Structure formats: structure tokens, C-alpha cells
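Only one structure is covered here, and it is reproduced in the block below.
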Amino acid sequence: MNEATQAAAPQFWMGGVLARDLVEVSSDPGCLADGDFWAISTTYEGQFRAARFETLSNTNFPPVSTTAKVSGKWESGTTESEYIQYVEKIREEIASGGVYQVNACRRLSIKSSATLDLAFANILKSNPAPFASYLRFGDMEIASASPELFLTRDGDQIKTSPIKGTKRSVSEKFGNKDRAENIMIVDLMRNDLGQICIPGSIAVPDLLRDEDHPGLSHLVSDVTGQLRSGITWAEIFIALLPAGSISGAPKSAAKRIISELEPTARSTYCGVLGWVHGDQAVLSVAIRTFWRESDFIHFGTGAGITWSSDARAEWEETELKAERLISIIGGEL
């Protein structure tokens, strides 16, 4: 970890709320039962990390002291030909009947001592996202421009809003593949919520809406439910992680394929990022997200694969999702 990041004060920002004065950290979801404010980061693989902050304020993201941008060449852990082979292997799995959809991801990395607070400030300016967030404590630093809601909670009412379907402009139309994929994941999320919600309470109040974001449009649906009495945060995470939109359907088969075929762990990418405060919460799916590991900054990108997928087009979708944010924070693809 570079010295600037080590010396920086811990903080969390999301949705106009700034949390400072770190009190403690925990790897146990049971900590959330104390009713205090916790910033949450989980990895795709299920590692839970939480930071309890004492001081909250409603404010813009604070000014940054550094002017150092990310520079150099981003390297992909998966080449175009390897990714195409990955997609074709998923299609073979689909043809055999064991899975219907898998989210295929790859990692981009760059060696850099630049901190991510400047990158996040630039993202807020040039690529505002509904669940943009920044978290820094210990050796962790994450800057996210996530457009996707993993979970909101208000008392016993919860909602998840999976994204499936991406296009470059509003003039384009979503295809049958996008709609089928979204509906598949909605069904998966209804099943996941059924493990923790009152029977009969699960609903889909909004199906297949077109949401515009900087440089992209997404197909989004809402799934809601009412939690059963006594459900803990640990039980919620067990039931819902990893998110269906970034794993696949059925989830167990998709997870197996991902673990067998992706060369590196996803880590922070495709985990969860946000906050919990008692029975209130806003948690995003950690996509469009930069994170630091030692002397490297990483960024994940992926695409949902179905039988009708064109492998080269799916590679191009991963490029599309990466190019705008990389151009904002620096470095060359």
C-alpha cells in the first residue's frame, strides 16, 4: 500500500452522506445488530467487511488533496480470444441443460500509487451514478460508480433492482435476449427473497424499465418483499449473495462455472457496497467499481451470457462498460 493511502483518514461517502471518525471494523455480520452506522463491503466470494463510523454529515464529497491521476497501461487478465472461449464454454453448458445464464467477467489492472479519491471526485463530475460511493479504511480503498441496487431496507420492507440488458444509446432497442435475461434474473431474485420474506409478500412492481445512465442505457426491474420477523442481516446476506445479476441462473450452477473458468477471484468487484444503519440500508452491487490491492488498482467488467449470445459482441460489451470510466480516471486501455 502506498504511503498516501496509508496516511489518509478513513471515510465513507454515498448519496450525500459522509461518514467519518472510524470506531471499529468487523468481519462478522452480527455487528450490524447494534443499530449503529456501518459502511459495508463484501467480496463476490463472500468475505464480509464492515466499518463503524461515529460522525455522519450531509455534504458533498469532500475536496481531495492530491492531483495525481492514474497513468500507464491497463492490462486485462483475460485476452479477447480467452474471453470468447469462455463464452463458448458457457454456451456449451447451457446446451447441456445445466444452466440458463452466466455472467462472464474479467479484470483490468494497472500498477499505480495514485489514490482513488481524486478518481472518485472525477467520476461524480463526469459519470454520476445513482449508487456512487467511496470507502477507505485500513488497506481498503474503493471508488464505485455503480448503477445497480442490490438492496434497500426500510424496516421490514426490502427491494432489489437487478440490471440485465445494456445498450449504448437511447436510440437503440433492447433485444429479446436482454428481456429474457432480465426476466430470468427477476425469477431468481424472487426465489432468493422467498428464503427470508413472508410468503405472498414478494412482488414485481416494475418490470423491464429502460434506465438511462451516462454513456449507457440499462434494462432494470424491481423485486420487493416483506422480511419475516426475526430475520438477521447474516441470514439476508446468506440468502442473497452473490447477487443474481452478476452470477447467473440457476445460481449454484453459475457459481460453479465462474469458479472453474475465471482465472482470478472477483474480489471487491461484484460484491456489495453501501451502508446499514439498524433496520435501514442502501447497498449497491459493486459493478463499475475500482479498488486497490497493494500497489495495483483493479476494475472489473462483464456481460451476461445466454444461448443466443454472440461471443465477440459480449467482449465488446465488456469493453463498452470499461472505456468510459477508464477514460475518466486515467490510463490507457
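Small disclaimer: the values here were computed from a predicted structure and weren't measured.
The pair Glu314-Lys177 meets the salt-bridge criterion, since a charged nitrogen lies less than 4.0 angstrom from a carboxylate oxygen. We find that Glu92 and Lys89 are not joined by a salt bridge, their nearest charged nitrogen and carboxylate oxygen being 4.0 Å or further apart. Here Glu141 pairs with Arg292 in a salt bridge; the nearest charged N to carboxylate O distance falls below 4.0 Å. Salt-bridge annotation for Glu260 and Lys255: absent, with no side-chain N of the basic residue lying under 4.0 Å from a carboxylate O of the acidic one. Salt-bridge formation is detected for the pair Arg256/Glu93: a Lys NZ or Arg NE/NH1/NH2 atom is positioned less than 4.0 Å from an Asp or Glu carboxylate oxygen. A salt bridge is absent between Lys159 and Asp154; no separation between the charged side-chain nitrogens and carboxylate oxygens falls under 4.0 Å.
For the side-chain contact (heavy atoms from CB on, under 4.5 Å) test with Ile158, the passing option among Thr224, Val223, Leu227 is Leu227; the others fail. For the salt bridge (Lys or Arg N to Asp or Glu O under 4.0 Å) criterion with Arg106, the lone passing option out of Glu319, Glu262, Glu80 is Glu319. Of the candidates Thr306, Asp178, Asn103, Lys164 forms a side-chain hydrogen bond (donor to acceptor under 3.5 Å, both in side chains) with just one, namely Asn103.
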Handout entry: CA sep, side-chain torsions, deciding dist, call: Gln11, Leu22, side-chain contact (heavy atoms from CB on, under 4.5 Å)
Key = CA-CA 7 Å; Gln11 66 176 24; Leu22 180 66; over 6 Å; no
Exercise for the section: Apply the test side-chain contact (heavy atoms from CB on, under 4.5 Å) to residues Cys105 and Cys270: give CA-CA distance (whole Å), side-chain angles for both, the deciding distance (0.1 Å), then the verdict. Expected result: CA-CA 9 Å; Cys105 298; Cys270 291; 4.1 Å; yes
Practice task
Begin from the C-alpha positions of Arg107 and Tyr269 and carry the test side-chain contact (heavy atoms from CB on, under 4.5 Å) through to its verdict.
Solution key: CA-CA 9 Å; Arg107 178 189 287 196; Tyr269 175 59; over 6 Å; no
Exercise for the section: Dump the intermediate steps for salt bridge (charged side-chain N to carboxylate O under 4.0 Å, His left out) on Asp36 and Arg52, then the final yes or no. Expected result: CA-CA 7 Å; Asp36 290 330; Arg52 181 163 70 91; 3.3 Å; yes
Problem - Pair Leu149-Thr160, side-chain contact (heavy atoms from CB on, under 4.5 Å): steps then yes or no - result: CA-CA 6 Å; Leu149 175 67; Thr160 184; 5.8 Å; no
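Both the sub-6.0 Å distance and the 45° axial angle are not jointly satisfied by Arg49 relative to the ring of Trp38. Judged by the 6.0 Å and 45° rule, Arg153 forms a cation-pi pair with Trp233.
Below 30°, between 30° and 60°, or above 60°: for His213 and His218 the angle between ring planes is between 30° and 60°, a tilted geometry. Ring geometry for Trp275 against His277 counts as perpendicular: the plane angle is over 60°, on a 0 to 90° scale with 30° as the lower cut.
Heavy atoms of other residues, nucleotides or ligands lying less than 6.0 angstrom from CG of Asn176 number 12 at most. Counting heavy atoms of neighbouring residues, nucleotides and ligands inside a 6.0 Å radius, atom CZ of Arg312 does not exceed 12 of them. Atom CD of Glu24 is surrounded by more than 12 heavy atoms from other residues, nucleotides or ligands within 6.0 Å.
Tyr100 and Leu208 fall into different hydrophobic clusters, defined by Ile, Leu, Val, Met, Phe, Trp and Tyr side-chain heavy atoms under 4.5 Å apart, directly or through other members. Under the 4.5 Å side-chain heavy-atom criterion for grouping Ile, Leu, Val, Met, Phe, Trp and Tyr, Val220 is not connected to Leu207 through any hydrophobic cluster. Residues Val87 and Met184 do not share a hydrophobic cluster, defined by chaining ILVMFWY side chains whose heavy atoms lie under 4.5 Å apart. Under a hydrophobic-cluster definition in which Ile, Leu, Val, Met, Phe, Trp and Tyr are linked whenever side-chain heavy atoms come within less than 4.5 Å, directly or via other members, Met189 and Ile198 are assigned to different clusters. Note on Ile84 and Ile257: separate hydrophobic clusters, where clusters join Ile, Leu, Val, Met, Phe, Trp and Tyr whose side-chain heavy atoms are under 4.5 Å apart, directly or indirectly.
Applying the side chain to side chain donor-acceptor pair (under 3.5 Å) rule to Asp222 yields the partners Ser161, Arg209; only residues at least two apart in sequence or on another chain are considered.
Between the side chains of Ser109 and Glu75, no donor-acceptor pair is found at a separation under 3.5 Å. In this structure, a donor-acceptor pair under 3.5 Å is absent between the side chains of Glu148 and Ser284. Counting only N and O atoms by type, the side chains of Asp28 and Ser26 include no donor and acceptor under 3.5 Å apart. No hydrogens or angles considered: a donor-acceptor pair under 3.5 Å links the side chains of Ser144 and Thr289.
Side chain of Ser76 to backbone of Thr79: no donor-acceptor contact under 3.5 angstrom is found. Of the possible polar contacts, none joining the Tyr86 side chain to the Ile258 backbone as a donor-acceptor pair under 3.5 Å is found.
The shortest heavy-atom contact between Val99 and Ala249 is CG2-O, 3.2 Å. Taking each heavy atom of Asn182 and Ile163 in turn, the nearest pair found is ND2-C, 4.4 Å.
Aromatic pair Phe61/Tyr134: centroids less than 6.0 angstrom apart. For Phe37 and Phe53, the distance between ring centers is not under 6.0 angstrom.
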